[in-house]
Amino acid sequence: MRYLTTAEVAERYRTAESTVRYWRQIGKGPRGIKIGKRVLYPEAELLRYELTLADGRDEWGLAS
């Protein structure tokens with residue numbers, strides 16, 4: 001399984017690293033896991049998040 005850093009996730013979604021950290025703080029966006037002092041994002045989790053958005057649901061699975 002491949003893991004991405006906060007910087008890589010920010011680049012993937014064309015946003016700032018601070019935005020990705022904010023999403024994590026408020027429980028929005030892809031779920032990261034803490035390994036030591038680092039937060040990493042499994043690539044499978046990013047795909048799940050993207051599919052949720054593509055299905056017209058928000059990050060909590062609610063229809064828009």
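- Under the 3.5 Å distance criterion, with hydrogens and angles disregarded, no donor-acceptor pair is assigned to the side chains of Arg2 and Tyr41.
- The CG atom of Leu46 lies 11.0 Å from the CG atom of Leu51; values are rounded to the nearest 0.5 Å.
- Leu4 and Val39 fall within the same hydrophobic cluster, defined by Ile, Leu, Val, Met, Phe, Trp and Tyr side-chain heavy atoms under 4.5 Å apart, directly or through other members.
- With a 6.0 Å radius and a threshold of 12 heavy atoms from other residues, nucleotides or ligands, Glu11 has its CD atom at or below the threshold.
- Under 4.0 Å is where a charged nitrogen must lie from a carboxylate oxygen, and between Glu50 and Arg12 at least one such pair does.
- Atoms OG1 and CZ, on Thr52 and Arg48 in that order, are 4.5 Å from each other to the nearest 0.5 Å.
- Ring pair Trp23/Tyr49 is tilted by interplanar angle, where 30° to 60° counts as tilted.
- Linking ILVMFWY side-chain heavy atoms closer than 4.5 Å, directly or via other members, places Met1 and Ile33 in a single hydrophobic cluster.
- Residues Leu53 and Val9 share a single hydrophobic cluster, defined by chaining ILVMFWY side chains whose heavy atoms lie under 4.5 Å apart.
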Exercise. Can you check side-chain contact (heavy atoms from CB on, under 4.5 Å) on Thr6 and Arg38, steps first, answer last?
Worked result: CA-CA 9 Å; Thr6 300; Arg38 299 176 64 181; over 6 Å; no
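- Within the model, atoms OH of Tyr3 and CD of Glu8 stand 13.5 Å from one another, a figure rounded to the nearest 0.5 Å.
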